[in-house]
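Report on the following structure.
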Amino acid sequence: MSGMKRENTIASLGTLVELRTLDVDRLQADLASQEATRTRYQNNLARLDALASGSGATGSLPPALALNCGAYKQNVMAMADLHRTDLALHEANMAVAQRKLTDAWTKRELLGKVLEQQQVAHARDQERAQRKREDDIATQSWMAGRPAA
């Protein structure tokens with residue numbers, strides 16, 4: 001591969017690696033935000049469970065209050081069930097986001113390795129070209145120093 005072509009390839013790969021890195025950063029931030037939402041769901045569920053269990057037994061209450069308390073408890077439990085369903089859906093979305101992040105990270109790592117290989121090959125080519133220039137100068141110098149035949 002010619003020097004200029006390889007330099008263009010290295011520049012393009014460098015840009016791709018930067019874009020992949022931005023992608024990974026964005027997906028990590030998204031997952032962190034989803035994690036915070038999951039924590040809120042879990043905290044809300046704990047509060048709802050505490051409300052349901054903290055409303056006490058209905059047996060010792062007058063019938064009208066017992067009915068009220070029972071309805072309240074049922075409403076809180078129904079809300080908790082909805083919350084559990086939402087949390088399950090949210091966790092399924094998080095699993096998809098985690099896979100996307102893993103894929104993006106893998107692609108970034110592979111591109112990074114290709115970029116590194118190209119940079120090493122380019123450095124080797126430049127070193128070889130430098131040695132050839134030095135050899136040519138040494139040969140010209142030696143030829144110039146020989147007596148004319």
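With no hydrogens or angles considered, no side-chain donor-acceptor pair links N43 and R40 at under 3.5 Å.
L48 and M77 are members of different hydrophobic clusters when ILVMFWY side chains are connected at heavy-atom separations under 4.5 Å. Linking ILVMFWY side-chain heavy atoms closer than 4.5 Å, directly or via other members, places V17 and L110 in two distinct hydrophobic clusters.
With contacts defined as side-chain heavy-atom distances shorter than 4.5 Å, the pair R108/D23 does not qualify. Taking 4.5 Å as the limit, every side-chain heavy atom of V24 sits out of range of all side-chain heavy atoms of R20. At least one side-chain heavy atom of D25 sits less than 4.5 Å from a side-chain heavy atom of T21. R47 is listed as a side-chain neighbour of N44, based on a closest heavy-atom distance under 4.5 Å. Taking 4.5 Å as the limit, every side-chain heavy atom of W105 sits out of range of all side-chain heavy atoms of L27.
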Quiz: residues 131-141 side-chain donor-acceptor pairs under 3.5 angstrom, not counting sequence neighbours:
unit_1	atom_1	unit_2	atom_2	d
K132	NZ	D136	OD2	3.2
R133	NH2	Q130	OE1	2.7
E134	OE2	Q130	NE2	3.0
T139	OG1	D135	O	2.8

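The CG atom of D30 sits 7.0 Å away from the CZ atom of R26 when rounded to the nearest 0.5 Å. Atom CD of E18 sits about 12.0 Å away from atom CG of L111, to the nearest 0.5 Å. Taking CD of Q119 as the reference point, atom CD of E7 lies at 11.5 Å (rounded to 0.5 Å). For the atom pair L19 CG and K107 NZ, the distance stands at 13.0 Å (nearest 0.5 Å).
Look at E35 and R38 and you find a salt bridge, because one of the NZ, NE, NH1 or NH2 atoms lies within 4.0 Å of a carboxylate O, short of that distance. Taking 4.0 Å as the cut-off between side-chain N and carboxylate O, D49 and R84 count as a salt-bridged pair.
Closest approach of L45 and A80 over heavy atoms only: CD2-O, 3.3 Å.
By the 6.0 Å contact criterion, CE on M94 is enclosed, its count of non-hydrogen atoms from other residues, nucleotides or ligands being greater than 12.
Put simply, the side chain of H90 gets close to the backbone of Q34: a donor and an acceptor are under 3.5 Å apart. At distances below 3.5 Å, at least one donor-acceptor pair connects side-chain atoms of S12 with backbone N or O atoms of N8.
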